[in-house]
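Lettering follows sequence order; numbering is per chain, from 1. In this text, all values refer to a predicted model and were calculated from it rather than measured experimentally.
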Amino acid sequence: MTEKIRVRIAPSPTGKLHIGNARTGLFNYLFARHYGGTFILRIDDTDTERSTPEAEKAIFDGLKWLGITWDEGPDIGGNYGPYKQTERFDTYKDALNRLLEDGHAYYCFCSPEEIEQKRTTAEKAHEIYRYDNTCRTIPLDEARKRIAAGERAVIRLRVPEGTEANFHDLIRGDIEVDSETFDDFVIAKPGGAPLYNFATVIDDHLMDITHILRGQDHLTNTSKQILIYRALGWDVPKFGHFSLILDTNRKKLSKRAGAVYIGDFQEQGYLPQTVANFIALIGWSPGENKEKMTMEEMVEAFSMDHVQKADAVFDPEKLKWLNGVYIREMPLENLVEAVKPHLRNAGFEVDNVDQEWLKKVVFLEQERMRLFSEASELFDFFFKEIPYDKSLLSSKKHSDDELARALEQTREQLEGISNWDKEELENLCRSLASQMGWQGGDLFMPLRIAVTGKKATPPLFETMEVLGKELSLKRIDKAIQSLKK
RNA sequence: GGCGCCAUAGUAUAAUGGUCAGUACAAGGGGCUCUCAAUCCCUAGAUAGGAGUUCGAUUCUCCUUGGCGCUACCA
């Protein structure tokens, strides 16, 4: 590619940053970086009813969190600004006027009610609704007079009969569209506020966008936009349409699927690099057996050749696995800091405790954690009293009485231990078990449950070491009591 | 309904006009081990169906079926 590449994402600030938008953004970013092009963020806020500043901020924050940076945008400016559509209305007005003067567009005075009625009538008759061109022949000066007199009118594009709007898609190849389906569609609301398809074309052209890479849900818009490019006499950019992300029921990813907004993943304790890495893998592969990649590696490897055509299901399980991979290789200090907010959230004291101790706690769980939000459950016995469940303690091999005696004996020996560290603990418990004629595990499991309240924990003696002598003995006592009841 | 897009194991994907269709997650089994995890080994599992082109198709063409998207004076 010799031309200077310019790509953009143009989200509308009507909600939080959706994972699909984030992926489209990421692909555009990777494409731009790979080819040394420019990546632009534009805010498509022509829908003033639904656009909010909060949503706009969520988009900025979400992209930044993922590590996606842009070269031009509403917050940092650039040579092709402004980068918000609401600030470009004059530009649209000019283009609209040109189209009107040239006869490529015309005013339409049909009311929404009339249109709606015609539409339903057509549907009832099992006919395809197309605008019936009622206002197509109204001369421009007459239309202007009527508007001046207070009538409301939208602006429609004049689409010649039999017009084709086929195009070549970078991902899908040649797309052929039945020209019968076009009608004179609306490009601006009364008052001249541009509609999405129109504003987008103007902006993409004026911002010198070379490749429009977006979701497959825009595939039908593309043909309409091509008609607008032609009416304006502009070159048509290249298009590529990514597949959609589906939930595990093969439906468009919705809130029911759990996390669908980038902020959700952040809250649940996913690492940004996990999420960026993983969403890149939905619908794209580096072409070799490689999955875990840094942003730099993805930039290096990215190519439209390996972008998938078929829709892809988002698999939350694999995301968790990947996050676990990243967590395991995190420096302990970072992990401690990452986990703290989640522990605080669960009501655990993490600030006024020995930080070295906290590090040990986190270290014990590092390879067991897939999500930061799992921390509170994994760690609870380090921070709060545990419930004693006799049935959990009981085993098939030994009676409760035997168990209680064994624990009493163990407790006694533990009491006199000189160095409360994992080696000592293990040596002592092992010899105790063999004295009793027990398998190590037969003693370790009740001990584990006594000190942690859980069957699955980090290695017992390391855990006891971190728990400390006092607390460990206290818990063993309680366990003995509950066994005797 | 109309228009469009898509189709490799449960999921994400790799590959070639011609070896046992490869990898990862998930699943099952095993090793290690005080449990869990991590890790290692093993197993099962896919080219939607039907025609055609071809010496040969999972790959190219067509049809069927299925899935999805769009069908606004939203974006």
Side-chain angles (χ1 to χ4, degrees), chain A residues 10-14 44-47 49-51 85 108 110-112 115-116 119 122-123 126-130 152-156 169 171-173 175-182 185-191 193 195-197 199-200 215-224 241 243-244 246 248 250-252 278 281-292 306 308-322 324-325 328 364-370 378 426 429-430 433 439-445 447-449 452 454-463:
Chain A
S12 57
T14 54
D44 277 13
D45 55 353
T46 51
D47 186 351
E49 303 270 309
R50 299 194 299 148
S51 297
Q85 292 191 323
C108 167
C110 300
S111 71
I115 298 289
E116 189 49 41
R119 194 194 312 278
E123 266 166 28
H126 297 291
E127 277 165 17
I128 312 157
Y129 171 79
R130 295 172 71 220
R152 49 157 274 153
V154 299
I155 300 171
R156 286 181 185 273
D169 188 284
I171 296 162
R172 277 148 225 285
I175 306 289
E176 291 181 22
V177 187
D178 188 346
S179 57
E180 293 298 305
T181 58
F182 297 123
F185 58 93
V186 178
I187 55 175
K189 292 192 242 190
L195 255 17
Y196 166 74
N197 279 128
T200 293
Q216 197 217 88
D217 44 341
H218 283 288
L219 210 45
T220 48
N221 284 330
T222 299
S223 298
K224 287 184 177 180
H241 292 88
S243 60
L244 264 20
L246 272 26
T248 39
R250 293 217 140 260
K251 284 188 219 119
K252 204 175 176 184
F278 188 70
L281 257 20
I282 305 175
W284 173 74
S285 88
E288 49 178 320
N289 289 330
K290 189 174 179 182
E291 299 206 295
K292 185 171 166 293
H306 281 98
Q308 202 76 8
K309 284 189 265 194
D311 293 342
V313 173
F314 174 83
D315 180 3
E317 276 306 309
K318 191 161 182 178
L319 208 220
K320 277 189 198 165
W321 163 79
L322 222 209
V325 174
R328 266 171 252 135
L364 284 183
E365 300 287 5
Q366 180 160 23
E367 68 182 21
R368 268 157 273 265
M369 214 190 315
R370 295 191 300 170
L378 245 25
E426 178 156 8
C429 290
R430 277 195 193 281
Q439 294 276 307
D442 292 344
L443 177 62
F444 301 165
M445 187 47 92
L447 249 188
R448 174 195 321 284
I449 293 166
T452 67
K454 288 181 179 13
K455 276 185 162 171
T457 72
L460 177 59
F461 306 108
E462 292 169 53
T463 304

So A/Glu176, base contact, sugar-phosphate only, or nothing? Heavy-atom distance under 4.0 Å.
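The answer is sugar-phosphate, as A/Glu176 gets under 4.0 Å only of primed atoms, P, OP1 or OP2.
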
Quiz item: [X] side-chain donor-acceptor pair to [N] base, under 3.5 Å:
{"X": "A/Lys309", "N": "B/A7", "value": "no"}
{"X": "A/Asn221", "N": "B/A75", "value": "yes"}
{"X": "A/Arg172", "N": "B/C5", "value": "no"}

Send over the distance from [X] [atom1] to [N] [atom2], rounded to a whole Å.
{"X": "A/Lys292", "N": "B/U23", "atom1": "NZ", "atom2": "C1'", "answer": "17 Å"}
{"X": "A/Glu317", "N": "B/A12", "atom1": "CD", "atom2": "P", "answer": "15 Å"}
{"X": "A/Glu288", "N": "B/A24", "atom1": "CD", "atom2": "P", "answer": "14 Å"}

Can you identify which nucleotide, out of [options], has its nearest atom closest to the [X] side chain?
{"X": "A/Arg328", "options": "B/U39, B/C36, B/C34", "answer": "B/U39"}
{"X": "A/Arg430", "options": "B/A37, B/C34, B/A75", "answer": "B/C34"}
{"X": "A/Ile175", "options": "B/A24, B/C5, B/U35", "answer": "B/C5"}
{"X": "A/Asp178", "options": "B/C34, B/A12, B/C3", "answer": "B/C3"}
{"X": "A/Thr181", "options": "B/A75, B/U23, B/C3", "answer": "B/C3"}
{"X": "A/Pro190", "options": "B/A75, B/C73, B/U11", "answer": "B/C73"}
{"X": "A/Ala312", "options": "B/U13, B/C73, B/U35", "answer": "B/U13"}
{"X": "A/Thr457", "options": "B/C25, B/G69, B/U35", "answer": "B/U35"}
{"X": "A/Leu219", "options": "B/A24, B/C5, B/A7", "answer": "B/C5"}
{"X": "A/Val177", "options": "B/C3, B/C34, B/U11", "answer": "B/C3"}

What does the list of N/O pairs under 3.5 Å between the protein and nucleotides 42-50 of chain B look like, with a distance for each?
none

The criterion is side chain to side chain contact (heavy atoms under 4.5 Å, CB included); which residues satisfy it with A/Lys224, sequence neighbours excluded?
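In terms of side chain to side chain contact (heavy atoms under 4.5 Å, CB included), with neighbours along the sequence ignored, A/Lys224 is linked to A/Phe185, A/Asn197.
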
Looking at [X], I'd like to know whether one of its side-chain N or O atoms comes within less than 4.0 Å of OP1 or OP2 on [N].
{"X": "A/Arg119", "N": "B/G1", "answer": "no"}
{"X": "A/Thr220", "N": "B/G4", "answer": "no"}
{"X": "A/Gln308", "N": "B/A14", "answer": "yes"}
{"X": "A/Arg368", "N": "B/A38", "answer": "no"}
{"X": "A/Lys320", "N": "B/A26", "answer": "no"}
{"X": "A/Arg50", "N": "B/A75", "answer": "no"}

Under 5.5 Å between ring centres and under 30° between planes: true for A/His306 and the base of B/A14?
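Stack criterion not met.
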
Start at the 5' end of RNA chain B and walk down; is the nucleotide closest to A/Asp217 or to A/Gly440 reached first?
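Taking each residue's closest nucleotide, the earlier one in sequence belongs to A/Gly440.
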
Could you write out RNA chain B as dot-bracket? Rules: Watson-Crick or G-U wobble, both distances under 3.5 Å, brackets [ ] for crossings, | for pairs with another strand, dot for unpaired.
(((((((..((((....[...)))).(((((.......)))))....(((((..]....))))))))))))....

Closest heavy-atom contact between A/Gln85 and A/Ala199?
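Looks like NE2-CB, 3.6 Å.
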
If every non-hydrogen atom of A/Thr463 is compared with every non-hydrogen atom of A/Pro458, which pair is closest and at what distance?
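Here A/Thr463 and A/Pro458 meet closest at OG1-O, 3.2 Å.
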
B/C62 versus B/A46 - spacing of their C1' atoms, nearest Å
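B/C62 and B/A46 have their C1' atoms separated by 24 Å.
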
